[in-house]
Amino acid sequence: MMDLTLRRLLLPAGLLAGALAFLPNSQWLFHALFPELERPVYRRVAFLELTVSHIVVVLVATALAALIGIGLAIAVSRPASRRVKPLVMAVAAIGQSFPPVAVLAVTVPLLGYGSAPTVVALFAYALLPIIVNTVAGLEGVDAGIIEAADGMGLSPRQRLFKVEIPLAGPIIIAGIRTAAIINVGTATVGSTVGAATLGNLIIEGLSAYNTAYVLQGAILVGLLAIVVDRSIAAVGHIVVANVLHRRPA
């Protein structure tokens, strides 16, 4: 299974690397496709630089959302605090329902221009799928397994980390994958407030009526989304496999 997961990652990763190597030298192709354009290839910032910056913004926002979202989901899934679960879910849903541009408009006066407001917007968008999946995974653990863990003398904390989270792991990781894919696409909006992302190509292309720029940005964003999705899946398989092979002490 692990070998299959890695093979599924290698193809999109190779295509992304190939696109990053080819696009700076693709003047002949885009000139043929769009002969009316004087500058058919984006030159303002290197494709690789924008891609790396895009990845950093997405990873930081998704990691923060995973850390806080999983923590909140664990908290509201405990019997003592289940009454606040509807409130937490409602707040997370509100965060995702706000348009990214609206979140940026609120955060820019506080954080200034650049990557910081973009990270906040992506964080708000990533919370809901992570919380929903984590709660579903934890609440879906078979009651018989919970009783068996209690019968073995595990404390609530030991049961959580050695039984519940490992069994819910695949569902939790699916939520993180969903959040990361959403963030790869949404991060392009950050270019409107000075963040260096692949949105630079798309936004400049739209403002200058340069379809070639838009196409180049779309290709890179699409390939990057697949690479991020497969990367998280590969890491998730490794983590879950390692945890499940450990026996409770």
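N210 approaches R39 most closely through the heavy-atom pair ND2-O, 3.1 Å. Closest non-hydrogen pair, N183 versus A61, comes out as ND2-CB, 4.2 Å. Taking every heavy atom of both residues into account, V193 and P117 meet most closely at CG2-CG, 4.2 Å. Taking every heavy atom of both residues into account, G114 and A195 meet most closely at O-CB, 3.6 Å. Pairing each heavy atom of P129 with each of A179, the nearest pair is CG-CB, 4.0 Å. Considering every non-hydrogen atom in both P99 and Y125, the closest pair reads CA-OH, 3.7 Å.
Here the CD1 atom belonging to I55 is positioned 12.0 Å from the OG1 atom belonging to T197, to the nearest 0.5 angstrom. One finds the CD1 atom of I130 at 10.0 Å from the CD1 atom of I68 (value rounded to the nearest 0.5 Å). The line from CD1 of I70 to CG of L138 is 9.0 Å long, rounded to the nearest 0.5 Å. Within the model, atoms CG of L206 and OG1 of T211 stand 8.5 Å from one another, a figure rounded to the nearest 0.5 Å. How far OG1 of T178 is from CD1 of I176: 10.0 Å, rounded to the nearest 0.5 Å. Expressed to the nearest 0.5 Å, how far CG of D150 lies from CD of Q158 amounts to 11.0 Å.
With hydrogens and angles ignored, the 3.5 Å screen pairs no side-chain donor or acceptor of N133 with any backbone N or O of I172. Remark: the backbone N or O of I74 is paired with a side-chain donor or acceptor of S77 at under 3.5 angstrom.
Following chains of ILVMFWY side-chain contacts shorter than 4.5 Å, one can reach F47 starting from L223, so the two form part of one hydrophobic cluster. With hydrophobic clusters built from ILVMFWY side chains whose heavy atoms lie under 4.5 angstrom apart, I232 does not share a cluster with L67. In terms of hydrophobic clustering, with Ile, Leu, Val, Met, Phe, Trp and Tyr side chains grouped at heavy-atom distances under 4.5 Å, L201 and L16 are assigned to a common cluster. By the criterion of side-chain heavy atoms lying less than 4.5 angstrom apart, applied directly or through intervening Ile, Leu, Val, Met, Phe, Trp or Tyr residues, Y213 is grouped together with L29 in one hydrophobic cluster. A continuous path of hydrophobic side-chain contacts links L11 to I219 [ILVMFWY only; heavy atoms under 4.5 Å].
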Apply side-chain contact (heavy atoms from CB on, under 4.5 Å) to F30 and L23, showing your working.
CA-CA 9 Å; F30 286 98; L23 286 175; 3.8 Å; yes
Given H54 and V184, is the side-chain contact (heavy atoms from CB on, under 4.5 Å) satisfied, shown in steps?
CA-CA 8 Å; H54 195 109; V184 169; 4.1 Å; yes
In sequence, state the C-alpha distance, the side-chain angles, and the governing distance for K85 and V135, and then conclude on side-chain contact (heavy atoms from CB on, under 4.5 Å).
CA-CA 9 Å; K85 183 174 75 172; V135 169; 4.0 Å; yes
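By the neighbour-count criterion of 12 heavy atoms within 6.0 Å, atom OH of Y113 is sparsely surrounded, having that number or fewer from other residues, nucleotides or ligands. Within a 6.0 Å radius of CD in E36, more than 12 heavy atoms belonging to other residues, nucleotides or ligands are found. Environment of CZ in R43: crowded, with over 12 heavy atoms of neighbouring residues, nucleotides or ligands closer than 6.0 Å.
Put simply, the side chain of I146 reaches to within 4.5 Å of the side chain of E164, judged on heavy atoms. The side-chain heavy atoms of T192 and V101, taken from C-beta on, include no pair separated by under 4.5 Å. The closest side-chain heavy-atom distance from Q27 to P40 is below 4.5 Å.
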